[in-house]
Protein chains: 2
Amino acid sequence: MEHVFRSDCPINFALEIFGDKWSLLIVRDIVFANKTTYSDFLESNEKIATNILSSRLKRLEETGIIEKRHDSTRKTKTKVTYGLTQRGAELIPVLIEIMLWSGKQREMDDEAQAIIDKAKQDKQVLISELRQKVVA
Amino acid sequence: MEHVFRSDCPINFALEIFGDKWSLLIVRDIVFANKTTYSDFLESNEKIATNILSSRLKRLEETGIIEKRHDSTRKTKTKVTYGLTQRGAELIPVLIEIMLWSGKQREMDDEAQAIIDKAKQDKQVLISELRQKVVA
DNA sequence: CTGTATCCTTAGGGATACTG
DNA sequence: CAGTATCCCTAAGGATACAG
């Protein structure tokens, strides 16, 4: 059955797709931390539970934000990786604005601060770089 | 007791503050729909329940995103309104990027589309206009 | 390594009645 | 009008065991 939205508002539309406490963290892991595998996501600081990770990966795939990629080079262990779709990569500006907002509210750790500084310096360049890295 | 964050990541920081299905809708109502009162928020299309609205207003106030304003002109009925703080107004760019993302995914209603179009045309101007309207 | 399944607890949320 | 309070249910989430 198809998802019925509470309204046609674009903010609400987005919230119903990734407006929970975990989805954007997975996207963040892919964009900023070069994480691609199930175990990568499990290792992140926020300590997502396996059942939640599983359900979020499924939903993000269903909504066309991430996609499974099967590494065909290795035969023995099927290596599954997740990457952003085009639609997913378009979330990069959203992530950056969120980081900029948070950066104004409190001190962040060094690697995060480096990204924030870069965004302040030239947002478009940062977006392009991240997009390229992630689409490739 | 103070809130303990799952991590120091700026994305996570933001998600723990407004990463739920309702908080950003309240901010949206203030920014784009000129809503300011409890009953205004209740009337929005998504039909928030009174207990949830109450708890979200409280949390948004605690986290410094909105503030109560008591209309002193009228004496009989104490008119309570909510407005964005400076910190809250800094969420406008986040809202706009979210709207732009959603606008790429599907058709939105006319008034939303008008804002999206304006954002595409000149993001900075739109942000300034909204900020001015909301801070004033 | 990539998940599912299960159990259990808590948080979120809908409906509605009620209060200053 | 601006909320609180209550009841009750469902979804989210943590912990852990297990399967391909």
Side-chain angles (χ1 to χ4, degrees), chain A residues 1 3-7 12 15-26 29-30 33-63 66-83, chain B residues 1 3-7 12 15-26 29-30 33-63 66-83:
Chain A
M1 192 183 122
H3 185 102
V4 177
F5 288 92
R6 298 178 295 185
S7 77
N12 183 61
L15 287 176
E16 294 202 32
I17 291 178
F18 57 78
D20 67 280
K21 295 251 185 286
W22 295 107
S23 297
L24 277 188
L25 295 182
I26 295 173
D29 279 351
I30 298 175
N34 298 311
K35 301 196 172 186
T36 60
T37 70
Y38 190 87
S39 48
D40 282 343
F41 303 134
L42 276 183
E43 285 164 6
S44 291
N45 290 331
E46 295 86 6
K47 297 298 167 213
I48 190 170
T50 57
N51 55 342
I52 306 296
L53 175 56
S54 184
S55 85
R56 289 311 181 284
L57 288 173
K58 201 167 293 175
R59 203 166 71 189
L60 287 172
E61 207 184 341
E62 285 168 1
T63 53
I66 65 174
E67 62 189 4
K68 265 189 180 175
R69 292 170 189 164
H70 296 272
D71 191 336
S72 52
T73 61
R74 53 179 64 197
K75 302 288 158 26
T76 46
K77 312 246 175 181
T78 47
K79 178 86 172 174
V80 179
T81 65
Y82 293 91
Chain B
M1 190 183 125
H3 185 101
V4 176
F5 289 91
R6 297 178 295 185
S7 77
N12 182 62
L15 288 176
E16 294 203 34
I17 290 177
F18 57 78
D20 66 278
K21 295 251 186 284
W22 296 107
S23 297
L24 277 188
L25 296 182
I26 295 173
D29 280 351
I30 298 175
N34 299 310
K35 300 195 172 185
T36 59
T37 71
Y38 191 87
S39 47
D40 282 344
F41 303 134
L42 276 184
E43 285 164 4
S44 291
N45 289 331
E46 295 86 7
K47 297 299 168 211
I48 189 170
T50 57
N51 54 342
I52 306 297
L53 175 57
S54 184
S55 84
R56 287 311 182 282
L57 288 173
K58 202 166 293 176
R59 203 166 70 189
L60 287 171
E61 207 184 342
E62 286 167 359
T63 52
I66 66 174
E67 62 188 4
K68 264 189 179 174
R69 294 171 188 164
H70 296 272
D71 190 336
S72 51
T73 62
R74 53 180 63 197
K75 302 288 157 30
T76 47
K77 311 246 176 181
T78 48
K79 179 84 171 175
V80 180
T81 65
Y82 292 92

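In what follows, chains carry the letters A, B, and so on, assigned in the order in which the sequence lines appear, proteins first and then strands, with residues in each chain numbered from 1.
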Answer yes or no: does a side-chain N or O of [X] lie under 4.0 Å from OP1 or OP2 of [N]?
X       : N     : value
A:Lys58 : C:dT4 : yes
B:Lys68 : D:dG3 : yes
A:Tyr38 : C:dT4 : no
A:Ser54 : C:dT4 : yes

Open item on the list: Restricting to side-chain contact (heavy atoms from CB on, under 4.5 Å), what partner residues turn up for B:Thr50, sequence neighbours left out?
Closed with: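 Per chain and number, B:Thr50 pairs via side-chain contact (heavy atoms from CB on, under 4.5 Å) with B:Tyr38, B:Leu42.
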- [ ] Would you please name every residue forming a side-chain contact (heavy atoms from CB on, under 4.5 Å) with B:Ser44, sequence neighbours left out?
- [x]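 Result, side-chain contact (heavy atoms from CB on, under 4.5 Å) vs B:Ser44: B:Arg28, B:Asp29, B:Lys35, B:Glu46.
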Send over the distance from [X] [atom1] to [N] [atom2], rounded to a whole Å.
X       : N      : atom1 : atom2 : result
A:Ile26 : D:dA12 : CD1   : P     : 14 Å
A:Ile66 : C:dT2  : CD1   : P     : 13 Å
B:Leu25 : C:dG12 : CG    : P     : 15 Å
A:Leu57 : D:dA12 : CG    : C1'   : 16 Å
A:Leu42 : D:dT16 : CG    : P     : 14 Å
A:Tyr82 : C:dT2  : OH    : C1'   : 7 Å
B:Glu43 : D:dG3  : CD    : P     : 14 Å
A:His3  : D:dA11 : NE2   : P     : 12 Å

- [ ] Please report the shortest heavy-atom distance between A:Leu15 and B:Lys21, naming the atom on each side.
- [x]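 Distance-wise, the nearest heavy atoms are O-NZ, 3.2 Å.
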Task: Nearest atoms (heavy-atom pairs only) where B:Glu43 meets B:Lys47 - done: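 Scanning both residues, the minimum pair turns out to be O-NZ, 3.3 Å.
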Any side-chain heavy atom of [X] within less than 4.5 Å of one from [Y]?
X       : Y       : answer
B:Ile30 : B:Asp40 : no
A:Lys79 : A:Thr37 : yes
A:Tyr82 : A:Arg69 : no

- [ ] Pick base, sugar-phosphate or nothing for B:Ser55, based on heavy-atom distances below 4.0 Å to the nucleic acid.
- [x]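 If one applies the 4.0 Å heavy-atom cut-off, B:Ser55 turns out to touch nothing in the nucleic acid.
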Open item on the list: Test of understanding: with ring pair (Phe, Tyr, Trp, His ring centres under 6.0 Å), list the residues that count as partners of A:Phe41, not counting sequence neighbours.
Closed with: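 If we apply the ring pair (Phe, Tyr, Trp, His ring centres under 6.0 Å) test to A:Phe41, skipping adjacent residues, there are no hits.
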Check: protein-nucleotides 13-17 of chain C nitrogen or oxygen pairs below 3.5 Å:
residue: C:dG13; atom: OP1; partner: B:Trp22; partner atom: NE1; Å: 3.2
residue: C:dG13; atom: OP2; partner: B:Arg56; partner atom: NH2; Å: 2.5
residue: C:dG13; atom: O5'; partner: B:Trp22; partner atom: NE1; Å: 3.4
residue: C:dG14; atom: O6; partner: B:Asn51; partner atom: ND2; Å: 3.0
residue: C:dA15; atom: N6; partner: B:Asn51; partner atom: ND2; Å: 3.3
residue: C:dT16; atom: O4; partner: B:Thr50; partner atom: OG1; Å: 2.8

Open item on the list: So if I take the C1' atoms of five pairs at each end of the helix from C:dC1-D:dG20 to C:dG20-D:dC1 and get each local axis, what angle do the two axes make, rounded to 10 degrees?
Closed with: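 Here the helix ends are tilted 40° relative to one another.
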Scan the side chains in residues 56-63 of chain A for donor-acceptor partners under 3.5 Å anywhere in the protein, sequence neighbours excluded, and list what turns up.
residue: A:Arg56; atom: NE; partner: A:Asp20; partner atom: OD2; Å: 3.0
residue: A:Arg59; atom: NH2; partner: A:Asp20; partner atom: OD1; Å: 3.1
residue: A:Thr63; atom: OG1; partner: A:Arg59; partner atom: O; Å: 2.9
residue: A:Thr63; atom: OG1; partner: A:Leu60; partner atom: O; Å: 3.3

